[in-house]
**Student:** 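First the structure, then my questions, so here it is.
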2 protein chains.
Amino acid sequence: MKKIAGTRSQKQAKAGDPSSGQDVLSRLRNDIVSSVFEPETRLKFADLTERYDVGIGTLREGLSQLVSEGFVTLEAGKGFKVAPVSAEELIEITEHFISLEKRALRDAIENGDDDWEANIVAVHHRLSLIESLPWEERMTRHSEWVQRHRDFHEALVAACSGRWLFRLRSIMFDQLDRYRFVTKRAPEGLGGRKFEEHSEIMAATLARDADLASELIEKHISDTSERAIRLL
Amino acid sequence: MKKIAGTRSQKQAKAGDPSSGQDVLSRLRNDIVSSVFEPETRLKFADLTERYDVGIGTLREGLSQLVSEGFVTLEAGKGFKVAPVSAEELIEITEHFISLEKRALRDAIENGDDDWEANIVAVHHRLSLIESLPWEERMTRHSEWVQRHRDFHEALVAACSGRWLFRLRSIMFDQLDRYRFVTKRAPEGLGGRKFEEHSEIMAATLARDADLASELIEKHISDTSERAIRLL
DNA sequence: GATATACATATTTTCGAAAATAGAAAGAGT
DNA sequence: ACTCTTTCTATTTTCGAAAATATGTATATC
């Protein structure tokens, strides 16, 4: 799906740059999702070439892909800007994602094989490792949590037979990720609860209980989003 | 004149070269939708630069956008290919599109204002002009029909308040367009019926009868798709 | 003949210079 | 002081050359 990382030339990787080593598209998306570039910010090539150490053409390619993904807007002649955020959009995205994720999960539960199950257990374990960490450390490794959380949810629906269902779901998930970031500094109260929720969802899924899994995941998502809406 | 990226240019091509005067992205998508480049075809830059008379960088930008839209695939190091087609995919796309279009239509019917109504009438008229043409001429102007048909359906849901609902619907519509093309040479029997269907859908929509409009549009889409599936 | 290795060709991918464009600043006329 | 040019600067957009990569062909070796 994503572009395979090219062989990085032996140029000295700038130490301290946390996102070096990945391709430009991912690094760019990451920086937008994690609000390194805030909404509405103009993305000038002069800045970006320096930050990512790639040519203008390569950047333009990545940027225009992010336009179709909805993270960036392009006004002809005026360049690229980070897409705006709003509570209304979050509400709408949440709605669509719940609808798609539930269908994808049912689909996956019907079609999943042993490898699918094994992978879910594996990524859930990786996620739980970071979620059971003390609050302080969890915060410093937040981008890692985002990645593992994404992996967990993707693993759940990976066996879904509908390619477009999977695809549309993923578009919405990526958008949600962006909003999810605002809850980074939320009180830790619900952190532990979330850990339980993930386990329950996994259990229902592996038990092939589509109704229960569906119900749990809907609650999981809407709870998380509601929290984000309040913080927006 | 300022052109917003992402909005499809509705300008007609200048005389002579049928696809000159539009941006590369549209021309490329058009050529894929109309099977100028058949599925699985490798898209070599050498050919494309000559055909469209633009540089490699510009092409790459357009191509990578088409990747996110699902019309093109990219294998790192092996270049771009036209995305494959299959009956299964058509079935799935149809399902999603029906679901989204119905929701979008209800939304639009609730929120549409006078301008929305007026535009629907106008675009429907443009469509009917070309649909009431004798079969021979309709075939020669098929790409024009495709455009006007797209405009009609877009006008119906233009007032839809959910931006993402509109967006997801449009992604699916574009995909359907590609499959719709295989029915170009279908027997004319249903051509006239389709004309009626469009009128009925418009009437129900302007009468703000969401249930009826919903029902009609579902039938309209599934009939069209079933016909395409048989021809695939 | 089959397999491996080296070489040659074709194609993609990257990059930065040059052209095109928008936006700001300066100047002229009323 | 105001508006309309003009000029200059900043930024985007385009392009094709050069580097990196994959593919195809010939030659050698077993």
**Student:** Do A:F181 and A:V85 come within less than 4.5 Å of each other through their side chains, counting heavy atoms only?
**Tutor:**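 The answer is no; the side chains never approach within 4.5 Å.
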**Student:** Under the side-chain contact (heavy atoms from CB on, under 4.5 Å) rule, collect the residues that match up with B:K81, sequence neighbours excluded.
**Tutor:**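 Partners of B:K81 under the side-chain contact (heavy atoms from CB on, under 4.5 Å) test: B:E40, B:R42, B:T73.
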**Student:** Could you check how far OH of A:Y52 sits from C1' of C:dT14, rounded to whole Å?
**Tutor:**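 So the OH-C1' distance, A:Y52 to C:dT14, works out to 18 Å.
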**Student:** How close or far is atom C1' of D:dT13 from atom CG of B:D23, stated in whole angstroms?
**Tutor:**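 Rounded to the whole Å, the gap is 13 Å.
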**Student:** Taking only residues two or more places apart in sequence or in another chain, which ones pass ring pair (Phe, Tyr, Trp, His ring centres under 6.0 Å) with B:H124?
**Tutor:**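 Listed in chain order: B:F152.
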**Student:** Can you tell me the distance, in whole Å, between the CD atom of A:E50 and the P atom of C:dC15?
**Tutor:**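 It works out to 15 Å between those atoms.
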**Student:** Kindly write out the residues that satisfy ring pair (Phe, Tyr, Trp, His ring centres under 6.0 Å) with A:W164, not counting sequence neighbours, or none if the list is empty.
**Tutor:**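 Ring pair (Phe, Tyr, Trp, His ring centres under 6.0 Å) check on A:W164 returns nothing, list empty.
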**Student:** What pairs with B:D47 under side-chain hydrogen bond (donor to acceptor under 3.5 Å, both in side chains), at least two apart in sequence or on another chain?
**Tutor:**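 Per chain and number, B:D47 pairs via side-chain hydrogen bond (donor to acceptor under 3.5 Å, both in side chains) with no residue.
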**Student:** What's the CD-P distance between B:E61 and C:dT13, to the nearest Å?
**Tutor:**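 It works out to 16 Å between those atoms.
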**Student:** Got a sec, which residues hit ring pair (Phe, Tyr, Trp, His ring centres under 6.0 Å) with B:F173, two or more places apart in sequence or on another chain?
**Tutor:**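 If we apply the ring pair (Phe, Tyr, Trp, His ring centres under 6.0 Å) test to B:F173, skipping adjacent residues, the hits are B:F97, B:H153.
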**Student:** Rounding to an integer number of Å, can you tell me how far B:L59 CG sits from D:dG16 P?
**Tutor:**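 B:L59 atom CG is separated from D:dG16 atom P by 11 Å.
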**Student:** Between the protein and nucleotides 8-12 of chain C, list every N/O to N/O distance that falls short of 3.5 Å.
**Tutor:**
from, atom 1, to, atom 2, distance (Å)
C:dT11, OP1, B:K44, NZ, 3.0
C:dT11, O3', B:R42, NH2, 3.0
C:dT12, OP1, B:R42, NH2, 3.3
C:dT12, OP2, B:F45, N, 3.2

